[in-house]
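Note that the structure is a prediction, hence the values are computed from the model and not measured. Naming: A, B, ... by sequence-line order, numbering from 1 per chain.
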Amino acid sequence: MINLETLNENQREAVCYTNGPLLILAGAGSGKTRVVTHRIAYLISRENVKPYNVMAITFTNKAAEEMKNRVNDIVGFGADQILISTFHSACLRILRQHIDKIGYKNDFVIYDTDDSKSAIKLIIKKLELDKKLKEREIMSKISKAKNDMISADEYLKYNEDDLRGRQIAHAYMEYERMLKNNNALDFDDLLLKTVELFKREKEVLLNYQERFKYIHVDEYQDTNKVQFEFIKLLAAKYQNICVVGDDDQSIYKFRGADITNILNFENVFKNTKVIKLEQNYRSTKNILDAANEVIKNNQERKSKKLWTSKEEGESIEYKILDDEYKEASYIATEIARMTEDGSYNYRDIACLYRTNAQSRIIEEKLLLENIPYKIVGGQNFYQRKEIKDIIAYLKTVDNAYDDLAVRRIINVPKRGIGLTTISKIQSYADQGGISFFDACLDERLLLSLGERTSKKINAFTYMIRKIRAGKDEDKISDIFEKVITETGYESELKEEDTIEAQSRLENIGEFFNKAVDFEEKNEKGNLSDFLSDVALIADIDNVSEDDNKVLLMTIHSAKGLEFPKVFLCGMEDNLFPSKMILDMNDERELEEERRLCYVAITRAMQSITMTSARRRMLRGDIYLMKTSRFIREIPSIYEKASSASQSRKSYDYKNDFSGITTEKQRDAFKRKAFNPSDYKVEKLSALSYGIGDKVKHIKFGIGTVKDIKDGGRDFEVTVDFEGKGEKKMFASFAKLVKL
DNA sequence: AGCAACGTTTTTTTT
DNA sequence: AAACGTTGCT
């Protein structure tokens with residue numbers, strides 16, 4: 001049952017203001033999710049709004065799931081009728097039903113970032129564009145254009161007198177053609193095409209306006225222009241639109257997030273009610289003070305003062321270590337200490353960093369201390385080669401319009417169909433205006449390719465068609481099973497019998513479980529539904545609260561989360577804030593980094609420890625690092641740390657990072673200041689374990705040492721892992737830890 | 001066609 | 001440092 005007594009005055013006002021546009025400016029930890037869930041509950045239980053008429057947009061699927069559960073807890077019924085999802089998922093649902101009205105097929109596939117990248121790569125080749133033009137740049141330009149709802153034609157018009165701009169425009173056009181031919185939409189299209197649909201098909205729009213009479217948007221500060229357009233259209237009729245955001249937490253500008261969406265809201269929706277939530281319930285006073293010290297350096301922000309009635313709490317820790325290894329060791333031993341003495345559970349602790357690359361060394365040290373952990377993001381599960389291969393197979397079985405998918409797997413595992421053949425097929429397909437797969441079935445083409453090659457191609461197409469034959473009766477898991485067996489994918493990996501192949505097989509197994517999972521949750525779901533579901537999964541979505549593990553992730557991934565204890569590492573200029581931004585010398589970019597720092601600090605509830613390294617290896621080069629300017633913006637902790645480190649200054653460097661700007665200087669500096677042997681991993685002269693000892697391996701877990709051979713350069717160790725069998729590995733590489 | 005060896009580049013963040 | 005692309009060899 002809903003209880004308004006538990007809310008503060010402003011929160012209650014926000015919950016009960018249900019008629020007309022509402023903008024909630026909610027600081028970090030001010031209970032905004034609580035407000036949204038209570039508001040939905042209030043609408044349903046007090047104002048008799050049908051759950052079916054309520055929509056809520058969240059930033060991740062995980063947040064959506066949590067919100068559903070919370071609403072369900074309060075209301076007790078009907079929560080499954082509310083549409084709570086991300087922008088992308090919501091648009092996907094709409095498009096699956098209606099996109100045929102604007103000239104697409106409803107069974108379109110979704111291109112993720114990697115797919116788009118390969119598409120652009122092909123386009124660069126095909127159009128013979130300037131080699132200087134990186135696919136990344138083209139991609140981000142196209143994405144930005146799409147976010148701003150600029151079509152390829154318009155893009156060309158705006159950039160006609162610029163050679164580079166023209167080339168990008170042509171790539172954009174070709175990319176659009178390619179997507180269309182492949183029956184594919186990219187992430188941006190999901191939004192864009194929905195808006196297009198709404199604009200062109202008034203009936204459809206009206207239908208959805210009638211359905212979603214009450215709309216909520218969480219993390220509003222990170223919406224982009226198309227997303228705002230989507231909301232504007234949907235809310236145009238009833239104007240019951242409630243958005244919640246915090247301009248200080250806008251950290252996705254690089255993805256098109258547009259802060260003017262907050263500033264403009266009141267202009268677009270007349271008579272908007274604005275409510276501010278400024279009381280923070282999450283963090284201690286010390287943590288909040290530090291966060292405020294940092295963020296107050298930003299010029300472009302709505303004035304607000306976040307406050308708390310909480311105690312000061314623990315003081316903020318800041319620790320400077322010699323290098324990234326010592327930094328990681330420090331964090332690991334601290335975690336070991338505070339979990340052993342019972343102050344925290346593993347799941348209470350998060351380790352946040354600016355870049356994914358930082359996770360590796362921390363992982364290593366946690367492993368050494370036997371601390372259970374989970375890394376969020378990084379090499380996304382769904383980006384791994386074996387998973388992408390399986391997905392490409394499933395796409396091909398589902399419908400073979402997606403040339404990219406077909407090309408990806410036509411020779412995986414090796415079937416003797418090489419690049420020459422593939423490009424012959426492709427150009428034939430291009431000429432005839434048919435799909436790659438259809439070209440593979442074309443008699444005339446096969447004849448011209450010669451008997452040997454065409455036999456191989458026939459074998460491939462036969463196999464795909466055979467699997468496809470059962471598509472409608474088979475369960476998703478059955479199709480999956482057929483794909484990995486009949487294509488020979490599984491057996492090839494099994495024969496390989498290496499550590500890597502083993503881990504690939506495990507990943508495929510995990511993916512299989514997800515397929516089964518999907519099957520159980522979505523009885524009506526077909527293969528395309530599964531595939532689009534998979535495309536929209538974010539890293540954070542797979543994190544479960546019941547795992548008692550330390551979480552490692554980027555600050556971006558940590559958005560919206562909170563932890564009793566936070567470690568924020570790599571607090572160094574040129575890492576955080578990143579070198580790219582410092583080089584740009586752009587105050588607005590720096591402010592975004594500062595907001596990121598603000599987000600990081602405000603994740604902490606009870607305690608935060610920030611760390612930095614004096615020297616660090618970045619892209620293979622070692623640099624001397626300087627304490628992050630964000631730390632320097634918190635006088636209380638910076639002064640303490642610098643006076644402490646003064647007394648123990650054991651390094652006599654003539655330079656530090658900030659003084660080194662040219663390659664030459666850096667090389668000279670490296671020769672002077674570093675003895676390489678300090679940083680190379682020494683070949684192990686003796687092992688810490690022997691035959692019969694129990695050891696732990698990063699991937700395989702626990703095993704018993706069966707044999708050790710001295711191969712001269714290195715030891716070759718044979719270990720029998722529990723449930724995984726015997727593996728041979730090199731000692732210096734395997735990093736086995738004695739238990 | 002397939003592979004090893006070499007040279008080159010690099011995202012910072014992600015639905 | 002690691003991943004990627006190209007080249008030249010078999």
Side-chain angles (χ1 to χ4, degrees), chain A residues 57-64 85-92 110-114 116-118 121 124-125 131-132 134-137 139-140 143 146-147 185-191 219 222-224 226-227 250-257 324 352-361 376-380 382-383 385 411-422 452-453 456 532-541 553-559 570 574-584 589 592-593 595-597 599-600 616-622 679-681:
Chain A
I57 301 288
T58 57
F59 201 68
T60 62
N61 297 301
K62 183 176 190 257
S85 76
T86 62
F87 274 111
H88 295 271
S89 307
C91 290
L92 174 69
I110 299 174
Y111 272 13
D112 66 19
T113 314
D114 285 339
S116 301
K117 197 170 164 190
S118 0
K121 221 180 267 177
I124 291 176
K125 265 206 198 117
K131 283 272 186 328
K132 288 252 161 59
K134 303 265 162 34
E135 64 255 31
R136 192 178 57 256
E137 186 191 347
M139 268 168 57
S140 79
S143 177
K146 286 189 174 188
N147 285 166
L185 301 191
D186 66 15
F187 284 144
D188 301 317
D189 285 338
L190 291 175
L191 272 305
E219 307 284 6
D222 282 321
T223 53
N224 60 36
V226 212
Q227 290 168 337
S250 160
I251 56 174
Y252 279 99
K253 200 168 128 233
F254 71 91
R255 208 171 84 186
E324 66 267 44
L352 309 182
Y353 35 76
R354 178 66 240 266
T355 68
N356 280 305
Q358 290 166 256
S359 67
R360 223 197 70 233
I361 293 160
V376 180
Q379 165 71 290
N380 183 323
Y382 294 99
Q383 285 173 328
K385 184 187 173 302
N411 200 29
V412 182
K414 301 260 180 309
R415 301 190 176 89
I417 304 170
L419 279 161
T420 4
T421 310
I422 290 176
R452 276 169 59 117
T453 316
K456 293 173 190 163
S532 43
D533 206 67
V534 158
L536 296 180
I537 289 175
D539 296 317
I540 197 74
D541 295 339
M553 66 186 117
T554 62
I555 303 166
H556 282 91
S557 298
K559 185 165 109 142
N574 288 308
L575 181 62
F576 186 29
S578 81
K579 179 161 160 45
M580 254 185 168
I581 272 131
L582 290 181
D583 287 352
M584 272 193 264
E589 295 287 337
E592 171 129 338
E593 292 277 298
R595 288 194 291 273
L596 198 54
C597 183
V599 168
R616 178 183 298 273
M617 184 176 278
L618 301 168
R619 284 217 231 124
D621 277 338
I622 294 168
Y679 310 105
K680 287 257 165 61
V681 181

Main-chain N/O of [Y] paired with [X] side-chain donor or acceptor, under 3.5 Å:
{"X": "A:R354", "Y": "A:L575", "result": "no"}
{"X": "A:N61", "Y": "A:T86", "result": "no"}
{"X": "A:N356", "Y": "A:G377", "result": "no"}
{"X": "A:E592", "Y": "A:K253", "result": "yes"}

Side chain proximity check, [X] to [Y], heavy atoms < 4.5 angstrom:
{"X": "A:Q383", "Y": "A:D112", "result": "no"}
{"X": "A:M553", "Y": "A:L352", "result": "yes"}
{"X": "A:M580", "Y": "A:E589", "result": "no"}

Which nucleotide, [options], lies nearest any side-chain atom of [X]?
{"X": "A:H88", "options": "B:dT15, C:dA1, B:dT11", "result": "B:dT15"}
{"X": "A:R360", "options": "B:dT11, C:dA2, B:dC3", "result": "C:dA2"}
{"X": "A:E593", "options": "B:dA1, B:dT12, B:dT15", "result": "B:dT12"}
{"X": "A:F187", "options": "C:dA2, B:dT15, B:dT13", "result": "B:dT15"}
{"X": "A:R354", "options": "B:dT15, B:dT10, B:dT13", "result": "B:dT13"}
{"X": "A:R136", "options": "B:dT14, B:dT10, B:dT12", "result": "B:dT10"}
{"X": "A:K134", "options": "B:dT10, C:dA1, B:dT14", "result": "B:dT10"}

Q. For DNA chain B, whose closest nucleotide is more 5', that of A:L536 or that of A:K414?
A.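 Nearest nucleotide further toward 5': that of A:K414.
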Q. Between A:I417 and A:T554, which is nearer to the 5' end of DNA chain B once each is assigned its nearest nucleotide?
A. A:I417
Q. Is there a stack between A:F254 and B:dT14, judged by ring centres under 5.5 Å and planes under 30°?
A. no
To the nearest Å, give me how far apart [atom1] ([X]) and [atom2] ([N]) are.
{"X": "A:K385", "N": "C:dC4", "atom1": "NZ", "atom2": "C1'", "result": "15 Å"}
{"X": "A:E592", "N": "B:dT14", "atom1": "CD", "atom2": "P", "result": "13 Å"}
{"X": "A:I124", "N": "C:dG5", "atom1": "CD1", "atom2": "C1'", "result": "13 Å"}
{"X": "A:M139", "N": "B:dT13", "atom1": "CE", "atom2": "P", "result": "13 Å"}
{"X": "A:H556", "N": "B:dT15", "atom1": "NE2", "atom2": "C1'", "result": "13 Å"}
{"X": "A:K117", "N": "B:dT14", "atom1": "NZ", "atom2": "P", "result": "14 Å"}
{"X": "A:N574", "N": "B:dT11", "atom1": "CG", "atom2": "P", "result": "17 Å"}
{"X": "A:E589", "N": "B:dT12", "atom1": "CD", "atom2": "P", "result": "14 Å"}

Sugar-phosphate, base or nothing in reach of [X], heavy atoms under 4.0 Å:
{"X": "A:F576", "answer": "nothing"}
{"X": "A:S578", "answer": "base"}
{"X": "A:L419", "answer": "sugar-phosphate"}

(Q) Between B:dT12 and C:dG5, how far apart are the two C1' atoms, rounded to whole Å? (A)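 My reading of the C1' atoms in B:dT12 and C:dG5 gives 23 Å.
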Distance check: side-chain N/O of [X] vs OP1/OP2 of [N], anything under 4.0 Å?
{"X": "A:T420", "N": "B:dA1", "answer": "yes"}
{"X": "A:K559", "N": "B:dT14", "answer": "no"}
{"X": "A:T421", "N": "B:dA1", "answer": "yes"}
{"X": "A:K121", "N": "C:dG5", "answer": "yes"}
{"X": "A:T113", "N": "B:dT15", "answer": "no"}
{"X": "A:N411", "N": "B:dG2", "answer": "yes"}
{"X": "A:N356", "N": "B:dT13", "answer": "yes"}

